[in-house]
Amino acid sequence: MDYVSINKTNRLFWLGRYYERVALTLQYMMQSYDMVIDVDTFDYDKYCRDLGIENHYENMDDFFNRYIFDVEDYCSIRSSAEQALGNGMVLRETIGSRTLAYLQMAVYSLDEMSLPDSKAIGLGLQDVLDNMMAFRGCYDSYISDENVRNIIKCGANVERLSFCLRVGYMEDVIPVEVDKLLKRIPRTGLQVGALQLQSIIRQQRIFEGKNPTDAISKEDFLVAVENLFTL
Amino acid sequence: MDDLLIHKEQINRQMARYGVKFGIYKNGIFKERLFPYDPIPRIIDGKDYEILEKGLIQRVDALNMFLADIYNEKKIIKDGVVPEEFVYRSPGYLAQCEGFTPPKAIYSHISGIDLVLGKDGVWYILEDNLRIPSGASYPLIARSLCRRCSPDTFRRNNILDNRNYGTLLKETMDNVNTGGINVIFTPGRYNAAYFEHSFLAEQAGVVLAESNDLFVENDNLYYRGNHGTVRVGAVYRRISDEYLDPLCFDPSSLIGIPNIMEAYRTGNVAIVNAPGNGVADDKGIYYFVPKMIKYYLDQEPILKNAPTFLPFYEEDMKYTLDNINRLVIKDVAEAGGYGVIFGRDLTAEKLEDLKKTIINEPRRFISQEVIDFQDLPIVEGDTTVMRKADLRAFVLSGSKTQVWPSGLTRFSRNPNSFVVNSSQGGGFKDTWITCQ
């Protein structure tokens with residue numbers, strides 16, 4: 001069994017959250033980037049409000065450029081990739097060099113595309129996404145400790161639920177994500193808040209149509225998801 | 001070997017993929033840099049290596065005996081071989097380590113010995129690093145990538161495999177483990193050698209821990225696991241002595257482990273390398289290592305020191321002042337390629353200033369003849385140029401003392417420089433030991 005400290009547990013969870021944040025927001029941005037070709041606009045102000053991040057962008061182009069590539073912008077995808085890599089670096093002996101390498105390559109790809117002479121950004125972003133997906137497959141295949149794998153996955157579950165609930169993206173996956181999350185919790189050894197867990201189980205029952213009158217607001221559900229783990 | 005040369009860029013890209021970096025602080029800002037790799041290896045043939053190996057083992061054994069003696073009986077001082085001023089005034093000497101012998105009397109478990117090959121074909125020892133020598137991870141990962149790049153090169157040449165460093169490290173730790181897990185203790189991600197800490201933890205299959213992960217209770221060191229606490233039997237610390245224990249050394253250290261020295265002195269945990277080793281790799285003590293070999297082992301030193309003078313002695317002071325314009329002057333308190341002054345590079349005025357400083361602080365400096373060491377070929381663009389290079393050999397002292405059959409060859413990228421340190425912008429090569 002791998003010896004995982006409390007600090008490392010925290011990092012594993014946030015590694016899961018950050019890599020999923022990069023993967024999800026990238027997909028969303030690629031879709032939005034494509035949409036702009038037809039409608040010539042993207043409501044980045046609403047997007048920022050939904051995610052609870054500061055809108056310090058000058059216009060749509062500035063948003064796309066800085067939100068994706070700017071390492072100095074703490075809200076950016078590049079910063080999230082840096083956070084994923086940073087957490088991964090201090091977990092090298094737990095997750096392995098070959099797994100970590102995909103995060104490193106994702107960061108390099110983002111940096112290459114941020115150079116002034118880079119072209120075909122849409123294609124380049126696909127490289128970043130490919131690396132994130134390879135990271136996901138690699139850690140799932142090569143980390144032998146089930147607890148470690150499940151802590152990362154729970155981080156990713158929470159991030160996916162949080163993003164989908166906030167932005168209204170891929171809402172159809174929410175029931176599946178809730179199921180996965182609840183099944184994984186006992187396999188992590190992590191402590192969870194009783195009230196938050198109760199709210200999520202209640203929401204699961206609503207999804208299953210077992211107790212449709214026992215409604216829970218989207219906001220309360222989001223708060224329960226965000227505060228589920230007491231790390 | 002042509003394959004390796006042709007694929008230099010691809011190999012370096014692979015290094016980048018695995019985050020082969022070292023960190024430097026410049027103007028207070030931490031930056032990580034890729035460590036440039038040159039694919040032309042340093043090749044040491046089996047016969048040369050045999051002598052080198054014997055000499056390195058001899059030297060490290062003597063240094064370990066010196067440390068055991070200095071912190072206990074002090075016979076070498078009593079017998080007048082090493083003046084006490086050089087021991088007790090050394091910044092590496094720690095009074096807190098007096099009267100205690102670590103498990104199996106091993107102080108320097110992992111020693112990094114820096115050598116150069118002179119144009120006369122003789123290996124000269126430049127420096128002993130007995131505290132936390134770094135660098136083994138670089139040739140280790142380079143070898144794996146180069147084997148992937150050109151299997152044929154390695155199939156056709158009889159090169160000793162160096163990929164056992166992780167196993168050797170684990171065996172070295174197991175040998176002194178007092179019961180519990182092995183841990184590599186790192187100050188954290190913003191340490192210059194963080195890549196190495198994490199990579200070696202992975203290679204050796206030991207736990208990487210930071211100060212928050214470790215604590216001492218009832219004179220035992222424990223790892224704070226998420227399934228409960230686990231006792232630690234050996235800790236390979238990659239943190240300087242002064243920051244190791246705020247209750248014993250620098251009280252302002254936030255990256256140390258309070259009371260680890262108590263656990264160590266009680267014999268409940270082995271610290272790799274032992275605290276207090278700095279007294280033996282002091283640039284001033286370097287002068288005495290050949291004398292130590294004769295004193296403790298009753299043997300002639302197999303490897304030579306660079307000709308060194310101690311201004312502390314009247315005769316050496318005179319020699320240093322008379323020849324300062326062709327000597328290299330080293331400040332014993334500095335490391336990492338800093339505090340190295342070549343007399344030939346100074347103006348007459350600066351030489352006079354330096355002379356005055358040496359006269360006022362004779363213990364602070366040593367002077368050495370400049371060794372005209374061999375250049376090695378480096379790939380630069382489409383051509384090959386010659387540059388100064390040294391070798392850091394790694395000697396591991398476990399159940400027996402052994403030399404890792406490889407080493408870190410560092411080279412200067414500046415054609416006029418003799419300083420090969422990575423923090424000064426140098427690159428590295430793999431070191432191949434060919435079988436006889």
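No experiment lies behind these values; they were computed from the predicted model shown. Throughout, a chain's letter reflects where its sequence line sits, starting with A, and its residues are numbered from 1.
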Residue part contacting chain A, namely of [X], when any heavy atom lies under 4.5 Å:
| X | value |
| --- | --- |
| Ile181(B) | side chain |
| Val183(B) | neither |
| Ala204(B) | neither |

Q.
Has Tyr223(B) got a side-chain atom pairing as donor or acceptor with Ser5(A)'s backbone, closer than 3.5 angstrom?
A.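 At least one qualifying donor-acceptor pair exists.
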Q) Given a strict heavy-atom distance threshold of 4.5 Å, which part of Leu100(A) is in contact with chain B: side chain, backbone, both, or neither? A)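 Interface part for Leu100(A): neither.
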Q) Applying a criterion of heavy atom separation less than 4.5 Å, what residues of residues 81-88 of chain A form contacts with chain B? A)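 Near chain B, by residue number: Glu82(A), Gly86(A).
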(Q) Under a 4.5 Å cutoff for heavy-atom pairs, which residue among Gln203(B), Arg13(B), Glu210(B) has the most contacts with chain A? (A)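 Ranked by heavy-atom pairs under 4.5 Å with chain A, first place is Glu210(B).
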Q) Which heavy atom of Ile151(A) sits nearest a heavy atom of Asn226(B), and at what distance? A)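 So the minimum-distance heavy-atom pair works out to CD1-ND2, 4.2 Å.
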**Q.** Contact summary for Val207(B) and Lys8(A), nearest pair of heavy atoms
**A.**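 The pair with the smallest heavy-atom distance is CG1-NZ, 3.9 Å.
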Flag yes if more than 12 heavy atoms outside [X] fall under 6.0 Å of its [atom1] atom; otherwise flag no.
| X | atom1 | value |
| --- | --- | --- |
| Phe207(A) | CZ | yes |
| Tyr33(A) | OH | no |
| Gln126(A) | CD | yes |

State the [atom1]-[atom2] distance between [X] and [Y], to the nearest 0.5 angstrom.
| X | Y | atom1 | atom2 | answer |
| --- | --- | --- | --- | --- |
| Arg11(A) | Arg189(B) | CZ | CZ | 10.5 Å |
| Met89(A) | Leu208(B) | CE | CG | 11.0 Å |
| Arg17(B) | Tyr108(A) | CZ | OH | 11.0 Å |
| Ser97(A) | Ile141(B) | OG | CD1 | 6.0 Å |
| Tyr3(A) | Asn182(B) | OH | CG | 10.0 Å |

**Q.** Within residues 192-202 of chain B, residues adjacent to chain A where the heavy-atom gap is under 4.5 Å
**A.**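 Under the 4.5 Å heavy-atom cut-off, Tyr194(B), Phe195(B), Ser198(B), Phe199(B), Ala201(B), Glu202(B) qualify.
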